[in-house]
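Order of listing sets the numbers, starting from 1, for every ligand and every atom in it.
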Amino acid sequence: MSTAFFKKSGSTSDRLVDIHRATRFTHPDVNRIAIALYDSKTDRLRTFAHSSEGRHPLDNYQAVLSEVPSLKVLADRGDVRAVDNLSELAGPGSGRHTQAIGEEYRSSLTVPFYKGEAFAGFVFFNSRTRGYFTRDRCQALSLAAEVVNALVMETLKPVEMLSNSIGVAKDISHYRDEETGAHLDRVANYASLIAQHLADQEELDDEFIQMLFLFAPLHDLGKVAIPDNVLLKPDKLNQEELRIMRTHPDKGVEICDRLLDSMGFVSARQGRMLRNIIHYHHEAWDGSGYPSGLTRQNIPLEAAIVAVADVFDALTSARPYKNAWTTDAACDFLAQNAGGKFNPDCVAVFLDHREEVEMIQRRFGDGQHEVRRTNWVQSSLSRTG
Ligand code: C2E
Ligand code: SIN
Ligand code: SIN
Ligand code: FE
Ligand code: FE
């Protein structure tokens, strides 16, 4: 039994199930433990892992924190909240998720956690017994909340270390010059938008969506190994240069493996996802992609999702060698190539949620028009001069 706590290879949810089991020795009526992580850039709260005995898993919770005042207050103040009777909280004004929680459970305990000073998320405990979370039980359960908190930090630490190492590599290679932070934020958000809306159909859990969100910006890691004269060329690439450029997925996976080896404590599932994204984000549904020419379902879904997010963002961004396409033109391109180049399900949910796509574009715009104007001014100067 005790070895369960040291099972490093399991997913975060597996390990949360272990913690839940241990908690139930002393608190048998805790029927659910869930973790939601907070993303300050988008003010969004997303469930990340849960251990539930209910008929309904109740995952895929997403909310804008400022739109849920009852939770916002806890986050701001660091207060723990016990609710004795959830049917009061789950009244007509509350969100869909809170109502579902209220149908399945009677009482709840909500504990915010922090990274340094910054709010990082909540641990939720639910019980089918009304009034279960008495003051004494809350105190005792704060220990379980600490353990869950440590689990989350341990899960996210390697991801942060990876991102930092990759940031250093990018600085050294000048690769950062061409890809702005805004591009990486958009790709992460487009990818997680697609995953959320595929979640039911593809049975994706919250950890998959969260990892995709964190890993998607790392897809072009291999570009750090591309020589500057190709990587930073301000014009169209010729055939030979494009061949060199297209080695970036293989180079990326080599670097990724070395980083993962040296870190040693990334879970098998996380490592596999990151690797697949880096290696296969240029594969095509019809087999015409690279480096492996995989087809259809043989392409890992995480890579197929990033492919749609990456190309859409590449098309709608200005680069030194090309103007930005309009959103309409880029959407048409995706639609025309659904089932050809792209996984048709990924394209379908992306195009079905165009409003959310445009929200991401607005939130993470990066002054594309200025880039374009600069190029135009430069070229007209050289023509007249
Ligand atoms: P990227 O800019 O992130 O583009 C990712 C993918 O988006 C491209 O993969 C391609 O599938 C699609 N894409 C981007 N721009 C266009 C476009 O104007 N038209 C169409 N139809 N598709 C587009 P791909 O082609 O394998 O290129 C991989 C990477 O190679 C690109 O990543 C970019 O960094 C570089 N690259 C590609 N073409 C050129 C070029 O003409 N000049 C320079 N300097 N770099 C290029
Ligand atoms: C709440 O906790 O008050 C609402 C959350 C939700 O939208 O489900
Ligand atoms: C949850 O328990 O997962 C959602 C938070 C809430 O509505 O209390
Ligand atoms: Fe790429
Ligand atoms: Fe890219």
* Answer yes or no: does atom CG of Asn238 have more than 12 heavy-atom neighbours from other residues, nucleotides or ligands under 6.0 Å? => yes
* Between Asn276 and His281, a side-chain donor and acceptor under 3.5 Å -> no
* **Ionic contact status for Arg258 with Asp261, cut-off 4.0 Å** => no
* **Salt bridge flag under 4.0 Å for residues Asp79 and Arg77** =>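 Between Arg77 and Asp79 there is a salt bridge, with a charged N closer than 4.0 Å to a carboxylate O.
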Give the contacting part of [X] toward ligand 1: side chain, backbone, both or neither, where contact means a heavy-atom distance below 4.0 Å.
{"X": "Lys341", "answer": "side chain"}
{"X": "Leu232", "answer": "neither"}
{"X": "Leu231", "answer": "neither"}

* Asked: For atom 37 (C) of ligand 1, which candidate among Leu242, Asn238, Asp235 provides the closest heavy atom?
  -> Leu242
* Do you know the tightest heavy-atom contact between Gly131 and Ser107? ->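 Closest approach of Gly131 to Ser107: N-CB, 3.7 Å.
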* For His279 and Asp250, run side chain to side chain donor-acceptor pair (under 3.5 Å): C-alpha distance rounded to whole Å, both residues' side-chain angles, the deciding distance at 0.1 Å, then the answer. => CA-CA 6 Å; His279 207 181; Asp250 281 326; 3.0 Å; yes
* **Arg319 touching ligand 1 at heavy-atom level, < 4.0 angstrom** =>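 Within the 4.0 Å threshold, so yes.
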* To do: Output, in order, the C-alpha distance, side-chain angles, deciding distance and verdict of side chain to side chain donor-acceptor pair (under 3.5 Å) for Ser288 and Asp286.
  => CA-CA 6 Å; Ser288 65; Asp286 62 10; 2.7 Å; yes
* **Under 3.5 Å: N/O of Leu237 near N/O of ligand 1** => yes
* Asked: Out of curiosity, Lys251 NZ to Ile226 CD1, how far, rounded to the nearest 0.5 Å?
  -> 4.5 Å
* Structure fact -> Across all chains, not counting sequence neighbours, the salt bridge (charged side-chain N to carboxylate O under 4.0 Å, His left out) partners of Asp328 are Arg354
* Would Arg32 count as a cation-pi partner of Phe125, with NZ or CZ less than 6.0 Å from the six-membered ring centre and within 45° of the ring normal? -> no
* Between Tyr280 and Arg275, is there a cation-pi geometry (under 6.0 Å to ring centre, at most 45° from the normal)? ->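 Not flagged: Arg275 not positioned over aromatic ring of Tyr280.
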Counting from 1, what ligand 1 atoms have a heavy atom of [X] closer than 4.0 Å?
{"X": "Lys233", "value": "44 (N)"}
{"X": "Tyr290", "value": "24 (P), 26 (O), 28 (C)"}
{"X": "Leu315", "value": "16 (C), 17 (C), 19 (N), 20 (C), 22 (N), 23 (C)"}
{"X": "Phe333", "value": "21 (N)"}
{"X": "Arg246", "value": "24 (P), 25 (O), 26 (O)"}
{"X": "Lys223", "value": "1 (P), 3 (O), 31 (C), 32 (O), 33 (C), 34 (O)"}

* To do: Check step by step if side chain to side chain donor-acceptor pair (under 3.5 Å) holds for His183 and Asp313.
  => CA-CA 7 Å; His183 163 69; Asp313 197 62; 2.3 Å; yes
* Structure fact -> Ignoring waters, protein N/O/S atoms under 2.8 Å from the Fe ion (ligand 4) are Asp220 OD1, His248 NE2, His281 NE2, His282 NE2
